[in-house]
Amino acid sequence: MKKLLIISIIAIWAGVSASAQIPVEVFSGNERTTLDIMFFRFFKNKNGENSHWLFFNRNRAGVDYRITSSKHLPVFGFTEAISYNHPKFKGFAPVAVAQVLSWGVYPKAGVQYVAMKESLTIFSWIVSETLRNPTIDFYVLCRYTPPLSEHLNLFCQIESLNAFSTPSEEGNTSLVQRARLGLKIKEWQFGAGADFSQASSSRYILNKNIGAFLRHEF
């Protein structure tokens with residue numbers, strides 16, 4: 001099952017990314033450096049127009065400066081999702097998600113919301129695991145890029161990813177918040193950023209990674 005999920009993810013990613021702009025971000029903070037590749041694109045129909053099917057791709061890896069042979073090891077995560085976005089749904093859509101993380105593979109399903117305009121993007125979902133005692137994931141991304149001049153835009157992005165344990169699940173609840181604020185010049189974006197994370201089954205411990213980001217759309 002895990003091998004089938006991974007092979008399917010790679011095949012879908014290769015087919016979609018060939019015709020999509022791919023933004024790549026490097027974020028260097030006081031605790032770790034991360035690499036982030038994220039995009040969402042509609043599949044094209046036979047006429048070259050956007051279909052109702054939307055593909056979401058997220059590949060993320062991080063290296064902690066305190067790394068040792070047994071602690072603070074590198075982490076990675078791959079998230080791929082497909083949703084069916086009919087105009088009658090008003091931005092809401094059923095979504096199927098596959099996550100490959102450092103510690104396992106997690107298929108999920110739920111409801112997604114998308115609103116994309118010229119300077120504003122809102123992307124969100126609520127999904128639940130399907131193969132084990134579930135956690136409930138609530139994710140939201142807001143990106144705002146209003147023009148400041150003919151060739152310069154503001155770049156503002158806020159993300160919130162929260163995993164909540166259900167009564168039948170003994171795992172930890174985790175809260176992750178990310179913020180980016182800077183400028184956008186054509187395909188380049190750069191500025192300041194901060195990542196905050198909390199995770200515990202009994203009490204929350206806050207981790208902060210504050211620094212600068214450089215982002216390019218290939």
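For reference, positions follow the sequence shown, starting with 1.
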- [ ] Answer with yes or no after comparing the ring centroid distance for Y113 and Y139 against a 6.0 Å cut-off, counting only values under it.
- [x] no
Task: Test item: S51 side-chain N/O and N45 main-chain N/O as donor-acceptor pair under 3.5 Å - done: no
Open item on the list: As an exercise, state the distance from CD1 of I136 to OG of S165, rounded to the nearest 0.5 Å.
Closed with: 10.0 Å
Open item on the list: Could you tell me if the side chain of E217 sits less than 4.5 Å from the side chain of K186, heavy atoms only?
Closed with: no
Task: Flag for N209-E31: side-chain donor and acceptor within less than 3.5 Å - done: no
Task: Nearest atoms (heavy-atom pairs only) where G91 meets N85 - done: O-OD1, 4.3 Å
Open item on the list: Let's go through Y144 and T121 carefully: what are the C-alpha distance in whole Å and the side-chain angles of both, what is the deciding distance for side-chain hydrogen bond (donor to acceptor under 3.5 Å, both in side chains) to 0.1 Å, and is it a yes or a no?
Closed with: CA-CA 7 Å; Y144 185 48; T121 298; over 6 Å; no
Task: hydrophobic_cluster_shared for L181 and L183, side chain cutoff 4.5 Å - done: yes
TODO: Indicate yes or no: at least one non-hydrogen side-chain atom of Q99 is less than 4.5 angstrom from one of V105.
DONE: no
- [ ] Looking only at non-hydrogen atoms, find the nearest pair between G182 and L154 and report the distance.
- [x] O-CD1, 3.4 Å
- [ ] Check the pair L35, V24 against side chain to side chain contact (heavy atoms under 4.5 Å, CB included), reporting the backbone distance first and the verdict last.
- [x] CA-CA 7 Å; L35 174 67; V24 177; 3.7 Å; yes
Open item on the list: Any salt bridge linking R58 with D36? Criterion: basic side-chain nitrogen under 4.0 Å from a carboxylate oxygen.
Closed with: yes
Open item on the list: Strictly distance-based, threshold 3.5 Å: is any side-chain N or O of N57 a donor or acceptor partner for the main-chain N or O of E80?
Closed with: no
Task: Common cluster, L101/L73, ILVMFWY with side-chain heavy-atom separation under 4.5 Å - done: no
TODO: Please report the shortest heavy-atom distance between T173 and A163, naming the atom on each side.
DONE: CG2-O, 3.1 Å
Open item on the list: Is it true that, when you exclude F89 itself, more than 12 heavy atoms of the residues, nucleotides or ligands shown sit nearer than 6.0 Å to its CZ?
Closed with: yes
Task: Joint cluster assignment, I158 & F213, ILVMFWY side-chain distance < 4.5 Å - done: no
Open item on the list: Using the ring centroid of each side chain, check whether Y84 and W53 are separated by less than 6.0 Å.
Closed with: yes
- [ ] Would you kindly confirm whether F39 and I82 end up in one hydrophobic cluster when ILVMFWY residues are joined by side chain heavy atoms under 4.5 Å apart?
- [x] yes
Open item on the list: Under a 4.0 Å threshold between the charged nitrogen and the carboxylate oxygen, would K208 count as salt-bridged to D195?
Closed with: no
- [ ] Over all heavy atoms of both residues, which pair between S197 and V176 is shortest? Give the atoms and the distance, please.
- [x] CB-CG2, 4.1 Å
Open item on the list: Is there a side-chain contact between F190 and F155 in this structure, where contact means two heavy atoms from C-beta onward sitting under 4.5 Å apart?
Closed with: no
Task: Criterion side chain to side chain contact (heavy atoms under 4.5 Å, CB included) on I185 and N153, from CA distance to verdict - done: CA-CA 7 Å; I185 302 175; N153 292 64; over 6 Å; no
Task: Within 6.0 Å of NE2 in H151, more than 12 heavy atoms from elsewhere - done: no
Task: Trace of the side-chain hydrogen bond (donor to acceptor under 3.5 Å, both in side chains) decision for T135 with E129 - done: CA-CA 6 Å; T135 58; E129 292 180 42; 3.0 Å; yes
Task: Rounded distance [0.5 Å steps], CG in N207 versus CG in D64 - done: 9.0 Å
TODO: Evaluate the ring planes of F78 and F76, with Trp represented by its six-membered ring, and classify them as parallel (under 30°), tilted (30 to 60°) or perpendicular (over 60°).
DONE: tilted
TODO: Establish, yes or no, whether a centroid distance under 6.0 Å links the rings of F123 and F40.
DONE: yes
Open item on the list: Any heavy-atom pair between the side chains of Y65 and S28 that's under 4.5 Å?
Closed with: yes
- [ ] Might you point out which heavy atoms bring L141 and M38 nearest each other, and give the distance in Å?
- [x] CD1-CE, 3.2 Å
- [ ] Would you indicate whether the side-chain heavy atoms of T130 and S128 approach each other to under 4.5 Å?
- [x] no
Task: Aromatic ring proximity, centroids under 6.0 angstrom, W125 and F138 - done: no
- [ ] Check whether any side-chain heavy atom of F56 sits under 4.5 Å from a side-chain heavy atom of S83, and report yes or no.
- [x] no
Task: Spatial distance of atom NE2 (H52) from atom NE2 (H86) [nearest 0.5 Å] - done: 4.0 Å
TODO: Please tell me if the side chains of E159 and Q177 come closer than 4.5 Å, counting only heavy atoms from C-beta onward.
DONE: no
Task: Spacing of OG1 belonging to T145 relative to CD belonging to Q189, to within rounding of 0.5 Å - done: 8.5 Å
Task: Sole candidate of V97, T79, V127 that passes side-chain contact (heavy atoms from CB on, under 4.5 Å) when paired with D137 - done: V127
Open item on the list: Name the residue from R143, R178, R180 that meets the side chain to side chain donor-acceptor pair (under 3.5 Å) definition with Q157.
Closed with: R143
TODO: Check step by step if side chain to side chain contact (heavy atoms under 4.5 Å, CB included) holds for L214 and W188.
DONE: CA-CA 8 Å; L214 178 64; W188 291 93; 3.8 Å; yes
Open item on the list: For I210 versus F27, what's the shortest heavy-atom pair and its separation?
Closed with: C-CZ, 4.2 Å
Open item on the list: Hydrophobic clusters here meaning ILVMFWY residues chained together by side-chain heavy-atom distances under 4.5 Å, can you tell me if I22 and F43 are in one?
Closed with: yes
TODO: Let me see the working for T33 and V26 under side chain to side chain contact (heavy atoms under 4.5 Å, CB included), right down to the final yes or no.
DONE: CA-CA 7 Å; T33 293; V26 176; 4.3 Å; yes
Open item on the list: Do I126 and V111 make a side-chain contact, defined as non-hydrogen atoms from C-beta onward lying under 4.5 Å apart?
Closed with: no
